[in-house]
Amino acid sequence: MAPFYKYVTELLKLPFDQALFNKMESTNKEDLAKFDEKVEDAEQNMGETEVNEALLGKADYYAQIGDKERALTAYDDLLTKSITPGTRIDIVFTLVRIGFFYDDNAMVRTNIEKLKELVEQGGDWDRRNRLKAYEGVYLMSIRDFKGAASQFIDTLSTFTSTEMMPYKDFVKYAVLTSLISMQRVDIKKKVLDAPEILEVISDIPHLEDYMTSLYNCNYAQFFRALADIERTHLRTSRFLYAHLRYYVREMRIVAYAQLLESYRSLTIGSMAQAFGVTEDYIDRDLYKFIAAGRLNCVIDRVNGVIETNRPDAKNAQYQTVIKQGDLLLNRVQKLSRVIDV
């Protein structure tokens, strides 16, 4: 991976080992010469299909050693040739993986859109299924957890995209995105009781405790599991690390809202005990979410009580009707003035 070694050392300003680079580059040149021989032999003695296969092998080698620009050029050249629809789709899948590798979301988004068109034109079942997995990873990387969870859950029983990640990692991401975006009843049906998840969940550290503690309302255990998830899975994930603080904050809100939904009021002490934290922590954490309108409650610090004030659905509907009615009247008045003129 001489090209990638050079890219990383320049990006991170690391010491550059010229001797190591020369050694790797020499190996690359030898391997590329062999690919050139295959291409030349195919052009002289074989047909167009064999030539394209040889060119594809060379393009794959560029991708393997981390030579992004040459790989993209080689793949783009292949896409202009007469290749089978399946090969064309596989090349665009590879372009998506290169985009993931270099954290190039624009490249990933563009090629996923291409994949959707190509799959509609002639993709088989396996490639349609893989597209869902790829799109789920992309949506997760841009913080669309609801969309990602939908794609992950749909693909759990038919996952074949092992070139992108192991199945255990796929299950992990399915659980993490589902808990932050799904309703409680859907979590039970699609996650906790899913046989594909239950089959491997015990092999993924902390994930089972994290999943079950939230659903079973064991909030102290959930907070401990959330800390373990942050350390073990979020900080080590190239897709979720950028959203670490957001994810942890939103999951705290989910847990707080789930507890408060069961009470009209409760003491700060009892809530702190339920989450296994101090009263000062609960007070400091809740007021930020209350001020931002994320939790429907107020804190009476003098009496040490938290009172919920869940919005009245009928009152909300009434306010909506008033707003929409005012908007309609304004538009009618503007229209009447235009007609008069």
Side-chain angles (χ1 to χ4, degrees), residues 89 92-94 96-97 99-101 103 105 108-109 111-116 119-120 123-215 222 225-226 228-230 232-244 246-251 254:
I89 291 173
V92 182
F93 270 124
T94 304
V96 174
R97 291 198 300 276
F100 280 138
F101 189 81
D103 293 327
N105 281 335
V108 172
R109 180 177 64 252
N111 285 289
I112 282 181
E113 293 302 320
K114 287 183 182 178
L115 277 174
K116 290 180 179 179
V119 166
E120 285 300 319
D124 57 20
W125 176 87
D126 179 64
R127 290 182 173 93
R128 289 175 182 271
N129 193 57
R130 287 169 57 202
L131 174 56
K132 286 187 176 182
Y134 277 63
E135 187 175 8
V137 174
Y138 167 67
L139 293 173
M140 176 176 64
S141 70
I142 62 170
R143 203 186 282 181
D144 183 355
F145 294 131
K146 186 175 182 179
S150 175
Q151 299 287 18
F152 288 148
I153 294 299
D154 286 349
T155 323
L156 270 178
S157 60
T158 53
F159 176 77
T160 57
S161 303
T162 52
E163 73 280 358
M164 186 169 54
M165 67 176 69
Y167 183 61
K168 287 182 182 178
D169 285 349
F170 190 75
V171 170
K172 173 183 71 177
Y173 289 132
V175 172
L176 292 178
T177 54
S178 297
L179 291 183
I180 196 173
S181 61
M182 286 186 175
Q183 297 296 322
R184 182 179 169 85
V185 63
D186 292 325
I187 290 175
K188 173 65 173 174
K189 180 181 177 182
K190 297 180 179 180
V191 181
L192 268 70
D193 293 341
E196 297 84 7
I197 292 177
L198 295 175
E199 185 178 356
V200 299
I201 191 72
S202 59
D203 297 329
I204 305 173
H206 313 298
L207 198 62
E208 187 172 13
D209 282 346
Y210 176 67
M211 179 176 71
T212 57
S213 59
L214 177 64
Y215 185 80
F222 170 74
L226 180 60
D228 291 332
I229 289 292
E230 176 187 349
T232 308
H233 299 305
L234 301 183
R235 289 188 179 275
T236 58
S237 169
R238 63 194 320 271
F239 303 113
L240 290 176
Y241 179 77
H243 313 300
L244 184 151
Y246 172 85
Y247 186 93
V248 172
R249 182 177 69 247
E250 290 299 307
M251 288 309 301
V254 169

Engineer: For the residue pair Y247 / R143, report whether a side-chain donor-acceptor contact shorter than 3.5 Å exists.
Structural biologist: no
Engineer: So with a 6.0 Å cut-off around CD of E163, is the heavy-atom count from everything else above 12?
Structural biologist: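 Above 12, so yes.
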Engineer: Evaluate the side-chain contact (heavy atoms from CB on, under 4.5 Å) criterion for residues F145 and H243: first the C-alpha distance (whole Å), next the side-chain angles of each, then the deciding distance (0.1 Å), finally the verdict.
Structural biologist: CA-CA 11 Å; F145 294 131; H243 313 300; 4.2 Å; yes
Engineer: Mind checking whether L156 and I197 have side chains closer than 4.5 Å, heavy atoms only?
Structural biologist: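 Of all side-chain heavy-atom pairs linking I197 with L156, at least one is under 4.5 Å.
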Engineer: Does the pair I142 and R109 meet the rule for a side-chain contact (heavy atoms from CB on, under 4.5 Å), with working shown?
Structural biologist: CA-CA 10 Å; I142 62 170; R109 180 177 64 252; over 6 Å; no
Engineer: Which atom names give the shortest non-hydrogen contact between S178 and V191, and what distance separates them?
Structural biologist: CB-CG2, 3.6 Å
Engineer: Between T177 (side chain only) and A174 (backbone N and O only), is there a donor and an acceptor less than 3.5 Å apart?
Structural biologist: yes
Engineer: In Å and rounded to the nearest 0.5 Å, what is the CZ to OG1 distance from R130 to T160?
Structural biologist: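 Reported value, rounded in 0.5 Å steps: 6.5 Å.
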Engineer: Using a 4.5 Å cut-off on heavy atoms from C-beta on, say whether the side chain of L176 contacts that of L207.
Structural biologist: yes
Engineer: Determine, step by step, whether E196 and K190 satisfy the salt bridge (charged side-chain N to carboxylate O under 4.0 Å, His left out) criterion, reporting the C-alpha distance in whole Å, the side-chain angles of both residues, the deciding distance to 0.1 Å, and the verdict.
Structural biologist: CA-CA 10 Å; E196 297 84 7; K190 297 180 179 180; over 6 Å; no
Engineer: Could you tell me if the side chain of L226 sits less than 4.5 Å from the side chain of Y210, heavy atoms only?
Structural biologist: yes
Engineer: So, R127 side chain and F93 main chain: donor-acceptor pair closer than 3.5 Å or not?
Structural biologist: no
Engineer: What about the rings of F159 and F152, do their centers lie closer together than 6.0 Å?
Structural biologist: no
Engineer: With distance as the sole test, does H206 use its side chain to make a donor-acceptor pair with the main-chain N or O of E230 at under 3.5 Å?
Structural biologist: no
Engineer: How far does CG of L198 sit from CE of M211, to the nearest 0.5 angstrom?
Structural biologist: 6.0 Å
Engineer: Go through I229 and M251 one step at a time and tell me if the side-chain contact (heavy atoms from CB on, under 4.5 Å) criterion holds.
Structural biologist: CA-CA 11 Å; I229 289 292; M251 288 309 301; over 6 Å; no
Engineer: Output yes when a side-chain donor or acceptor of N129 lies under 3.5 Å from a complementary backbone atom of T158, and no otherwise.
Structural biologist: yes
Engineer: Please check: side-chain N/O of R128 versus main-chain N/O of V119, any donor-acceptor pairing under 3.5 Å?
Structural biologist: yes
